[in-house]
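The analysis underlying the following values was restricted to heavy atoms, covering all of them including side chains, and did not include hydrogens, waters or symmetry mates.
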Amino acid sequence: MERNPPAGTGPVHVPLGHVVANEKWRGSQLAQGIQGKFKLVFEDGLAPVDFYLSVRSCILYVTEADLVAGNSYRKRLVRVRNSSNLQGIVLVEKTPTSEQYFPAIQKFTVLDLGMALLPVASQMEASCVIVQLVQEQTKEPSKNPFLRKQQARLSEPFLLRTVQQIPGVGKVKASLLLQKFPSLLQLSNASIRDLEQVVGQAAAQQIHAFFTQSR
């Protein structure tokens with residue numbers, strides 16, 4: 001199959017400290033959670049993307065209703081995956097209602113497409129994840145390891161809960177991981193060797209497989 005640049009996945013200008021959101025999220029709990037932390041700009045025609053964090057980084061949000069309705073969400077994910085100019089992060093609502101459908105989207109997103117997937121319990125928790133991801137990008141120039149450790153200690157409980165949902169990770173391992181990798185982006189980019197030093201070989205392989213494409 002030829003990989004053509006999908007419509008709607010071209011470069012979008014995102015000023016520093018801003019998040020560009022699909023118009024459909026205006027007035028939502030998710031948008032309200034981001035506003036106040038960063039300037040939120042709404043635009044039409046962003047489909048299949050829900051939020052742009054930078055010119056190359058975007059969020060695709062799969063709701064509980066999307067999971068229950070079937071596999072229509074897959075087309076959106078594939079369009080972003082096939083775009084050469086975007087790195088997509090998939091946030092999925094994992095609730096008591098949608099939990100039975102979660103393994104299927106986890107396998108499709110992480111193993112088949114090689115995209116990062118993070119489960120969230122609600123739109124408000126998703127807004128916290130997005131804020132954390134944007135903060136990581138805006139604070140990248142800071143190389144002070146002491147400041148990074150402080151950020152890990154002060155990180156909100158949502159981050160600990162999110163990491164705990166990764167296969168092979170419990171509360172203790174999640175805490176250890178966040179001391180070493182104080183953001184979701186750093187954790188998702190960690191090598192197996194780096195992870196092994198924190199949680200051991202077996203858990204390291206599970207975590208690495210969760211974030212990277214099976215080869």
Side-chain angles (χ1 to χ4, degrees), residues 6 9 19 22 25 30 33-34 47-54 56-83 86-134 136-137 155 158-170 173-174 177-178 181-192 195 199 203-215:
T9 58
V19 174
N22 192 307
W25 291 103
L30 180 49
I34 299 172
V49 173
D50 291 299
F51 298 91
Y52 279 92
L53 310 186
S54 70
R56 293 188 58 84
S57 179
C58 68
I59 296 289
L60 294 98
Y61 192 81
V62 181
T63 67
E64 175 188 83
D66 291 335
L67 285 181
V68 174
N71 295 329
S72 59
Y73 63 82
R74 293 190 175 193
K75 292 182 180 179
R76 296 174 51 216
L77 272 57
V78 170
R79 285 178 64 189
V80 171
R81 173 64 181 84
N82 288 347
S83 172
L86 274 180
Q87 178 186 13
I89 300 172
V90 183
L91 301 186
V92 181
E93 284 186 2
K94 185 180 181 183
T95 67
T97 301
S98 66
E99 190 168 11
Q100 62 180 307
Y101 306 99
F102 185 76
I105 188 174
Q106 184 181 43
K107 178 183 181 299
F108 179 74
T109 304
V110 178
L111 298 183
D112 296 347
L113 299 184
M115 299 174 69
L117 179 149
L118 295 168
V120 293
S122 64
Q123 287 190 24
M124 187 54 66
E125 185 171 323
S127 71
C128 294
V129 172
I130 292 174
V131 167
Q132 172 77 14
L133 291 170
V134 177
E136 169 65 17
Q137 294 186 16
S155 60
F158 86 88
L159 185 56
L160 183 64
R161 294 200 304 271
T162 299
V163 174
Q164 283 179 244
Q165 295 185 69
I166 299 174
V169 178
K173 288 180 180 177
L177 286 167
L178 288 174
F181 312 102
S183 75
L184 297 173
L185 282 180
Q186 289 180 8
L187 180 59
S188 66
N189 290 327
S191 67
I192 291 182
L195 293 168
V199 295
Q205 291 177 345
Q206 284 185 288
I207 296 166
H208 192 262
F210 181 80
F211 284 115
T212 59
Q213 183 175 15
S214 178
R215 291 178 171 86

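If you take OG1 on Thr97 and CD on Gln100, they are separated by 8.5 Å, rounding to the nearest 0.5 Å. A distance of 11.5 Å separates CG of Asn22 from SG of Cys58, quoted to the nearest 0.5 Å. Taking NE2 of His208 as the start and CG of Leu195 as the end, the distance is 7.0 Å to the nearest 0.5 Å. The CG atom of Leu177 lies 5.5 Å from the CG atom of Leu187; values are rounded to the nearest 0.5 Å. Considering CZ of Phe51 and CD1 of Ile59, their distance stands at 8.5 Å, rounded to 0.5 Å. Once rounded to the nearest 0.5 Å, the distance linking CD1 of Ile207 with CD1 of Ile192 reads 10.5 Å.
Minimum heavy-atom separation, Glu125 to Val120: OE2-CA, 3.9 Å. Considering every non-hydrogen atom in both Gly33 and Ser127, the closest pair reads CA-OG, 3.5 Å. When all heavy atoms are compared, the tightest approach of Leu117 to Gln106 is CD1-CA, 3.9 Å. Nearest heavy atoms, Val80 versus Gly88: CG1-CA, 4.0 Å. Taking every heavy atom of both residues into account, Glu64 and Glu93 meet most closely at N-OE1, 2.8 Å. In terms of heavy-atom proximity, Gly168 sits nearest to Ala203 at O-CB, 3.9 Å.
Between the side chain of Thr95 and the main chain of Ser98, a donor-acceptor pair closer than 3.5 Å is present. A distance-only check finds no donor-acceptor pair linking the side chain of Asp66 to the backbone of Ser72 [under 3.5 Å]. A distance-only check finds a donor-acceptor pair linking the side chain of Gln123 to the backbone of Leu30 [under 3.5 Å].
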Open item on the list: Quick one, Ile89 with Leu60, criterion side chain to side chain contact (heavy atoms under 4.5 Å, CB included). Give me CA distance, side-chain angles, the key distance, then yes/no.
Closed with: CA-CA 6 Å; Ile89 300 172; Leu60 294 98; over 6 Å; no
- [ ] Decide side chain to side chain contact (heavy atoms under 4.5 Å, CB included) for Leu91 and Ile130; before the verdict, give the C-alpha distance in whole Å, the side-chain angles of both, and the deciding distance to 0.1 Å.
- [x] CA-CA 9 Å; Leu91 301 186; Ile130 292 174; 3.9 Å; yes
TODO: Please lay out, stage by stage, how Tyr101 and Asn71 fare under the test side chain to side chain contact (heavy atoms under 4.5 Å, CB included).
DONE: CA-CA 10 Å; Tyr101 306 99; Asn71 295 329; over 6 Å; no
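In this structure, the side chains of Phe102 and Val62 stay at 4.5 Å or more apart for every pair of heavy atoms. Between Val169 and Val199, the closest side-chain pair of non-hydrogen atoms is not below 4.5 Å.
Residue pairs meeting the ring pair (Phe, Tyr, Trp, His ring centres under 6.0 Å) criterion with at least one member in residues 58-78, sequence neighbours excluded, are Trp25-Tyr61.
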